[in-house]
Amino acid sequence: MEEYQRHCDEVGFNAEEAHNIVKECIDGVLGGEDYDHTNINQWTASIVEQSLAHLVKLGKAYKYIVTCAVVQRSAYGFHTANSCFWDTTSDGTCTIRWENRTMNCIVNVFAIAIVL
Amino acid sequence: MSDIAKDRTGHSLKNMGSASSLSRKELHGCIKGSLSAVSYVDEPSQRDVASRLTVQMENTYQLGPSKHFPVAIVNHILKDVLTNSLQEEQYEPELCRQMTKTISEVIKAQVKALLVPRYKLIVMVYIGQLSGQSILVGSRCLWNPKSDNFASYVFRNSSLFALATVYAVYFE
């Protein structure tokens with residue numbers, strides 16, 4: 001068991017897999033919807049919870065942090081940056097940008113390895 | 001000989017994202033030296049994997065953190081950094097793009113200076129123009145709530161808003 005887990009950590013975080021998983025979640029929740037102030041709480045909660053559930057199903061020894069920012073599309077600017085202090089060989093991050101006619105969505109996934 | 005070992009382990013503890021910094025703190029529990037460089041690394045380096053294979057961690061026999069993450073102090077740090085950097089500023093695209101990166105680097109350096117042992121840090125900064133548009137930021141974390149925590153602060157002035165969040169995850 002211990003050796004199996006170590007093997008997973010040597011490969012590192014698979015950003016592409018996470019990217020696909022989260023993109024599907026966002027498409028499922030926000031696809032075809034317009035920005036709606038009353039539902040936005042529910043949508044961000046579902047995106048984040050579904051992404052987390054799918055990531056956990058991968059069965060890897062990671063702690064996850066999933067952040068979702070949904071902004072109404074307007075002429076106005078928005079910036080985001082992140083800075084991390086961790087072990088780059090085992091931990092990783094993935095950022096997914098999604099947009100439609102009325103809103104922009106940025107989801108960040110951080111995965112921190114657990115050493116068993 | 002010990003220096004080479006320290007180099008190898010220090011090398012593997014790098015930062016990703018908007019800034020990178022080299023520190024030998026993690027293994028020996030005290031600051032040896034700290035060097036910051038803003039390099040905007042996007043992809044993890046593949047050669048780190050080979051060098052990491054030689055490092056083995058010994059069992060600490062600790063069940064939890066000896067010192068917990070001080071949320072209130074970090075909230076103050078976030079408030080100070082955001083207020084001092086952005087109080088007088090107007091929203092400008094180039095300025096704010098640079099500001100987000102430097103603010104996240106500054107916050108990370110100050111939180112590291114608290115010397116909370118065995119914690120990994122993630123700092124997120126959002127800056128946007130105040131214009132009546134709506135924004136919602138949500139996050140969910142899968143971690144151990146007894147040892148892991150987060151701190152956040154929102155700053156507003158006449159033309160912009162800034163949100164800074166620090167997540168602290170206990171290592172093992």
Side-chain angles (χ1 to χ4, degrees), chain A residues 6 9-13 15 35-37 40-41 43-53 55-56 62-93 95 103-104 106-108 110-116, chain B residues 12-21 23 26 41 43-45 48-49 51-53 57 91-93 96-97 99-101 103-105 107-108 111-112 119-144 148 150 165 167 169 171-172:
Chain A
R6 211 179 295 145
D9 278 354
E10 280 173 8
V11 172
F13 176 60
Y35 187 87
D36 184 358
H37 183 64
I40 193 68
N41 255 322
W43 289 339
T44 32
S46 334
I47 291 174
V48 172
E49 276 158 22
Q50 283 178 26
S51 308
L52 202 51
L55 286 167
V56 166
Y62 280 109
K63 291 181 179 177
Y64 293 102
I65 295 171
V66 181
T67 314
C68 171
V70 180
V71 197
Q72 202 174 7
R73 257 190 112 143
S74 56
Y76 303 104
F78 179 67
H79 296 272
T80 158
N82 65 68
S83 171
C84 309
F85 175 61
W86 59 25
D87 182 350
T88 47
T89 54
S90 57
D91 307 329
T93 176
T95 307
M103 50 189 171
N104 280 315
I106 298 175
V107 177
N108 281 303
F110 301 95
I112 293 121
I114 305 173
V115 179
L116 294 173
Chain B
S12 71
L13 288 168
K14 281 198 312 207
N15 301 321
M16 263 175 57
S18 63
S20 96
S21 149
S23 155
E26 191 71 34
V41 173
E43 298 296 328
S45 166
D48 283 358
V49 180
S51 59
R52 192 197 79 99
L53 290 176
M57 302 273 191
Y91 180 85
E92 277 150 38
C96 287
R97 182 177 304 157
M99 268 295 182
T100 38
K101 294 173 189 166
I103 290 178
S104 67
E105 157 84 358
I107 291 175
K108 189 184 62 183
V111 178
K112 273 168 74 175
Y119 270 92
K120 292 182 177 176
L121 305 171
I122 294 166
V123 179
M124 304 213 47
V125 177
Y126 297 86
I127 297 185
Q129 198 174 5
L130 256 188
S131 55
Q133 93 273 28
S134 178
I135 173 175
L136 190 74
V137 179
S139 72
R140 288 285 184 284
C141 311
L142 181 75
W143 59 24
N144 181 357
D148 306 325
F150 76 98
T165 313
Y167 298 95
V169 181
F171 177 58
E172 189 192 359

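Proteins get letters first, then strands, A, B, ... in listed order; numbering begins at 1 in each.
Taking every heavy atom of both residues into account, B:K101 and A:A81 meet most closely at N-CB, 4.0 Å. The two residues A:T80 and B:M124 make their nearest non-hydrogen contact at OG1-CE, 4.5 Å. A:A69 approaches B:Y126 most closely through the heavy-atom pair CB-CE2, 3.8 Å.
Considering CD of B:Q129 and CZ of A:F78, their distance stands at 12.0 Å, rounded to 0.5 Å. The distance from atom SG of A:C68 to atom CZ of B:R140, rounded to the nearest 0.5 Å, is 10.0 Å. A distance of 10.5 Å separates OG1 in B:T165 from CG in A:N82, rounded to the nearest 0.5 Å.
Note on A:K63, A:M103, A:H79: by heavy-atom pairs under 4.5 Å with chain B, the leading option is A:H79. Counting heavy-atom pairs closer than 4.5 Å to chain B, the top residue among A:V48, A:T67, A:I106, A:T44 is A:T67. Comparing B:D148, B:I107, B:L130 by heavy-atom pairs within less than 4.5 Å of chain A, the highest count is held by B:D148. For chain B, the option among A:L55, A:N104, A:I47, A:V66 with the highest count of heavy-atom pairs below 4.5 Å is A:V66. Counting heavy-atom pairs under 4.5 Å between each of B:I103, B:L121, B:V137 and chain A puts B:L121 at the top.
Looking at heavy atoms from C-beta onward, A:I65 lies in side-chain contact with B:V169 at the 4.5 angstrom threshold.
When heavy atoms are compared at a cutoff of 4.5 Å, A:A15 does not approach chain B at all. No part of A:V107 comes within reach of chain B, as not one of its non-hydrogen atoms sits under 4.5 angstrom from that chain. The part of A:L52 that comes within reach of chain B is its side chain, from C-beta onward, which places non-hydrogen atoms under 4.5 angstrom from that chain.
Using the six-membered ring where Trp is involved, B:Y167 and A:F110 have ring planes that are tilted, between 30° and 60° apart.
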Should B:I122 and A:I112 be marked as a side-chain contact (heavy atoms from CB on, under 4.5 Å) after you check the CA-CA gap, both sets of side-chain angles, and the distance that decides it?
-> CA-CA 10 Å; B:I122 294 166; A:I112 293 121; 3.6 Å; yes
